[in-house]
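FYI, side chains are in, hydrogens and waters are out, and symmetry mates aren't considered; it's all heavy atoms of this structure.
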Amino acid sequence: MANAQADGQWYPPEWPERIRALTDGTLTPVTPKRAATVMLLKDTADGPLVHMLRRRASMAFAGGAYAYPGGGVDPRDDDRHVRWAGPARSWWAGRLGVDEAGAQAIVCAAVRETYEEAGVLLAGPTPDTVVGDTTGEDWEADRAALVARETSFAEFLDRRGLVLRSDLLGAWTRWITPEFESRRYDTWFFAAKLPEGQRTRNASTEADRTVWTTPRAAAAGYDRGELLMMPPTIATLRQLAAYDTAAEALDAAPARDLTPVRATARLVEGEIVLTWPGHDEFTKHIPTGGAPA
């Protein structure tokens, strides 16, 4: 369970010990796994809402924290047979800073995980259409097969006669889990608008609650210490709060900087200073034998 802070920043109790081990050279960082997460938006009279889920308290990574649908890249997400619409893989490779196979895998992971965890599918029968209602026993059977890795996303799209709509995604930011974490992810965050006719549901076994909320309301809950979140979640909520519609946010996505944000820890005058470049609000000062301040 994470330590309680004045705000809702997720802070695991083992961090100080692991940070000290990293700074004295006794901790070897694990290689981060590529992942993707999607900030689903829908417009209301009060501005755009974003879909969030609360991770079960029993989860080893960020238990109890609010997050967006997402997860790790599946080895089959770079299958060359994935039906594709929108910008070419070469364009996505340049945008995401990876090779073409990696770009397809990351985009596929974003679309697949959104379907697995929220029941929302960014795909359609043609390059300019999107499926409507994705509820029902047959859709649920397909979703369950994807979750169990009994079928690949490419196979699912082929059987359904669907193409992945990469043009419905806007790459927003990229965060890499700190080197001192035992579970590390290199995560690309995307924005997307909820397709017409579809609706979210809590389809994830990893979540015990889902909500549609304005970014400002969620950020206020974090500031009061009521909602637990990891730094990239609250950072992106504050960024989304600047937009009056989902379309405005998506229009802004192509110009956003995707330079990875990664925390650094250093020893300064007997204490560990933990910082996230460009995000001063997350800075923590950790006495060599105590809790963060």
Side-chain angles (χ1 to χ4, degrees), residues 35-44 48-53 67-74 76-89 91-92 103-172 188-207 210-212 245-247 249-251 253:
T37 190
V38 176
M39 305 177 295
L40 275 176
L41 304 170
K42 70 175 179 181
D43 290 318
T44 70
L49 305 182
V50 62
H51 180 69
M52 304 189 75
L53 52 83
Y68 311 112
V73 167
D74 184 294
R76 296 170 297 178
D77 283 334
D78 63 359
D79 188 318
R80 300 308 297 180
H81 297 103
V82 167
R83 294 167 174 250
W84 191 271
R89 292 167 179 82
W91 182 90
W92 278 108
Q104 175 176 293
I106 293 160
V107 171
C108 279
V111 176
R112 175 181 51 73
E113 287 284 344
T114 302
Y115 181 53
E116 289 182 11
E117 295 201 330
V120 170
L121 184 59
L122 303 176
T126 65
D128 57 358
T129 58
V130 188
V131 295
D133 188 1
T134 57
T135 59
E137 291 185 7
D138 57 336
W139 284 104
E140 177 56 26
D142 283 345
R143 193 196 65 79
L146 286 168
V147 171
R149 300 297 181 258
E150 295 168 356
T151 187
S152 72
F153 196 59
E155 292 166 341
F156 162 70
L157 293 176
D158 281 344
R159 193 171 58 74
R160 286 274 181 180
L162 299 174
V163 293
L164 181 152
R165 290 287 306 275
S166 76
D167 56 313
L168 299 181
L169 291 168
W172 192 263
W188 283 261
F189 286 69
F190 295 87
K193 185 176 181 179
L194 180 69
E196 193 74 31
Q198 294 192 39
R199 61 182 185 272
T200 57
R201 59 193 178 89
N202 184 7
S204 174
T205 58
E206 299 179 355
T210 62
V211 296
W212 279 101
T245 66
L250 283 166
D251 287 346

Is any side-chain heavy atom of [X] less than 4.5 Å from a side-chain heavy atom of [Y]?
X      : Y      : value
Met39  : Phe190 : no
Trp139 : Asp133 : no
Thr135 : Arg199 : yes
Asp43  : Pro48  : yes
Val120 : Pro195 : yes
Trp212 : Leu40  : yes
Glu113 : Val38  : no
Arg112 : Asp77  : yes

For the student: nearest non-hydrogen atoms of [X] and [Y], plus distance:
X      : Y      : result
Trp92  : Pro87  : CD1-O, 3.4 Å
Val130 : Arg165 : CG2-NH1, 3.4 Å
Pro69  : His51  : CG-CD2, 3.8 Å
Gly119 : Thr134 : O-OG1, 2.7 Å
Val163 : Pro127 : CG2-N, 3.9 Å
Val131 : Pro125 : CG1-CD, 4.3 Å

If you measure from [atom1] on [X] to [atom2] on [Y], what distance do you get to the nearest 0.5 Å?
X      : Y      : atom1 : atom2 : answer
Leu194 : Leu168 : CG    : CG    : 11.0 Å
Phe189 : Leu169 : CZ    : CG    : 14.0 Å
Thr245 : Asp251 : OG1   : CG    : 7.5 Å
Gln104 : Asp78  : CD    : CG    : 6.5 Å
Ser166 : Arg89  : OG    : CZ    : 8.5 Å
Arg143 : Glu117 : CZ    : CD    : 9.0 Å

Any donor-acceptor pair under 3.5 Å linking the side chain of [X] with the backbone of [Y]?
X      : Y      : value
Arg149 : Asp74  : no
Thr129 : Gly124 : no
Thr210 : Met52  : no
Arg83  : Leu164 : no
Gln198 : Leu121 : yes

Centroid separation Tyr115 to Phe156 less than 6.0 Å: yes

Salt bridge (Lys or Arg N to Asp or Glu O under 4.0 Å) between Asp138 and Arg160, worked out: CA-CA 11 Å; Asp138 57 336; Arg160 286 274 181 180; 3.6 Å; yes

